[in-house]
There are 2 protein chains.
Amino acid sequence: MTLMKSGANPLFLRDEELRQGIEMLFFAYRDFTAEPDAILAERGLGRAHHRVIYFVGRYPGMTVSDLLSILKITKQSLSRVLSQLVREGYIHQDQGVEDRRQRLLRLTDKGAQLEKELTENQRQRIERAFRDAGAEAVDGFRKVMLGIVNAAEDRDRFDAAIRKRR
Amino acid sequence: MTLMKSGANPLFLRDEELRQGIEMLFFAYRDFTAEPDAILAERGLGRAHHRVIYFVGRYPGMTVSDLLSILKITKQSLSRVLSQLVREGYIHQDQGVEDRRQRLLRLTDKGAQLEKELTENQRQRIERAFRDAGAEAVDGFRKVMLGIVNAAEDRDRFDAAIRKRR
DNA sequence: GAAACTATGTCAGTTATATTGACATATATA
DNA sequence: TATATATGTCAATATAACTGACATAGTTTC
């Protein structure tokens with residue numbers, strides 16, 4: 001941290017550091033979504049479909065409202081995306097067993113295949129970044145990212161070893 | 001890293017770790033944009049306007065094509081957003097001095113005020129996360145984020161101390 | 001058992017952000 | 001002079017979100 005743009009002004013340094021943090025999030029997210037978006041476009045799907053497929057693959061048997069609270073979108077928005085995925089055979093809905101109003105969501109084989117193709121890309125990108133940066137850096141990355149996330153509920157999705165720092 | 005969900009399968013652990021990375025990016029970005037979006041909505045502006053205001057504030061005197069290559073959108077998309085910002089007095093355009101075809105962009109006072117309000121929110125979020133995580137973790141965060149970003153051109157926006165690891 | 005609440009779905013209208021393609025203008029460079 | 005570049009604009013389209021209103025089936029509570 002010695003070679004900063006402006007010299008020895010600690011206030012500027014702090015601002016520069018924080019702005020870099022902001023920008024890194026923007027650039028990382030932009031590049032992280034670019035390739036999956038291209039794969040999805042070939043099938044007439046968009047980023048919203050990816051998010052649904054991803055989380056249903058991650059938590060099979062999740063309900064529609066689980067999905068709504070993760071994505072933080074309205075049910076009307078989800079509806080169009082989800083019903084397209086069901087219609088086109090990527091996602092299967094089972095009636096809930098304890099509560100029969102619920103629709104338990106899971107990927108079909110077709111859905112799982114697409115999920116793999118999409119996530120593979122992002123997984124590789126993360127893997128390369130993690131490997132290049134080293135285990136210690138990965139710990140730091142996780143601590144910071146966890147601090148950026150709002151809801152304790154979402155932070156709880158991540159592992160206990162990180163959570164205990166709070 | 002001792003308490004993982006599944007026990008002692010190292011392959012599972014790796015997959016779990018990578019998926020956490022993917023999800024952290026999603027959740028962090030989702031929460032990072034939520035509050036500025038709300039402020040913008042009051043003025044009839046959206047996230048796209050924020051990005052323009054942010055980068056023009058960051059690099060005063062940048063050209064339209066600089067902005068296009070950072071945002072990676074088409075000029076037609078930028079056009080509507082940028083001309084609204086000019087029309088409503090957030091951004092001022094000067095004719096380029098060396099090349100008079102260029103429009104050099106800078107924030108007006110009104111624009112700078114909005115930029116401050118919007119960025120303040122994100123800056124505070126990052127600041128809190130950085131402070132809670134500690135300096136070492138911040139280094140790790142930056143290393144990993146830099147690894148996720150594609151273009152060397154964009155990586156070069158960040159500081160030399162990190163860049164030299166490559 | 002009726003009333004209230006919950007999970008989900010759907011209709012209709014609207015907004016923001018992006019796209020592609022075509023063309024125009026001013027300026028710079030070979 | 002010819003060509004390339006920086007910018008702007010018109011038109012049509014797509015996607016992903018929103019709000020509001022209403023419907024249905026199933027669960028819970030009084």
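Atom set for the values below is all heavy atoms of this structure, side chains included, hydrogens, waters and symmetry mates excluded. In what follows, chains carry the letters A, B, and so on, assigned in the order in which the sequence lines appear, proteins first and then strands, with residues in each chain numbered from 1.
In this model, the phosphate group of C/dG13 is not approached by any side-chain N or O of A/Gln76 to a distance below 4.0 Å at OP1 or OP2. Contact annotation: A/Arg51 reaches the phosphate of D/dA17 (side-chain N/O to OP1 or OP2, under 4.0 Å). Using a 4.0 Å cut-off, no side-chain N or O of B/Thr74 falls inside it from OP1 or OP2 of C/dA18. OP1 and OP2 of D/dG8 both lie 4.0 Å or more from every side-chain N or O belonging to B/Ser79. Applying the 4.0 Å criterion to OP1 and OP2 of C/dA26, one finds that B/Arg103 has every side-chain N and O outside that range. Note on B/Arg100: a side-chain N or O is less than 4.0 Å away from OP1 or OP2 of C/dA28. For the OP1/OP2 pair of D/dA6 and a distance below 4.0 Å, the side-chain nitrogens and oxygens of B/Ser65 include no atom meeting the criterion. Between A/His49 and D/dT15, a side-chain N or O to OP1/OP2 separation shorter than 4.0 Å is absent.
In this structure, CD1 of B/Ile53 is placed 16 Å from C1' of C/dT17, rounded to the nearest angstrom. When rounded to the nearest whole Å, the span between CD of A/Glu98 and P of C/dA7 equals 13 Å. One interatomic measurement links the two molecules: CZ of B/Arg43 to P of C/dA16, which rounds to 15 Å at whole-angstrom precision. B/Leu67 places its CG atom 15 Å from the C1' atom of C/dA18, with the value rounded to the nearest Å. Remark: P of C/dT19 and CG of A/Asp37 are 11 Å apart, rounded to the nearest angstrom. Going from atom CD of B/Gln102 over to atom P of C/dT29 covers 10 Å, rounded to whole Å. Distance A/Met62 CE to C/dA7 P: 14 Å, rounded to the nearest Å. Per the geometry, CG belonging to A/Leu40 stands 16 Å off C1' belonging to C/dT19, to the nearest Å.
Annotation: of the two residues near DNA chain D, A/Leu45 and A/Arg101, the 5′-most nearest-nucleotide partner is A/Leu45. Two residues, A/Asp99 and A/Leu78, neighbour DNA chain D, and the one matched to the more 5' nucleotide by heavy-atom proximity is A/Leu78.
A pairwise comparison of heavy atoms in A/His50 and A/Leu40 identifies CB-CD1, 3.5 Å as the closest pair.
Judged by distance alone, the side chains of B/Glu117 and B/Gln113 never bring a donor and an acceptor atom under 3.5 Å apart.
Counting any heavy atom pair closer than 4.0 Å across all strands shown, A/Ser83 reaches no nucleic acid atom. B/Arg80 comes within 4.0 angstrom of a base, heavy atoms only. B/Gln84 comes within contact range of no nucleotide atom at all, as no heavy-atom separation falls under 4.0 Å.
At a threshold of 4.5 Å between side-chain heavy atoms, the hydrophobic network of Ile, Leu, Val, Met, Phe, Trp and Tyr places A/Val86 and A/Val56 in one connected group.
Minimum atom distance to the side chain of B/Lys75 is reached by C/dC23, of the listed C/dA18, C/dG9, C/dC23.
Ion pairing between A/Asp15 and B/Arg123 holds under the 4.0 Å rule for side-chain N and carboxylate O.
Under the 6.0 Å cut-off for aromatic ring centres, A/Phe141 and A/Phe130 qualify, their centroids lying closer than that.
The closest donor-acceptor contact from the side chain of A/Arg30 to the backbone of B/Leu71 lies at 3.5 Å or more, if one exists at all.
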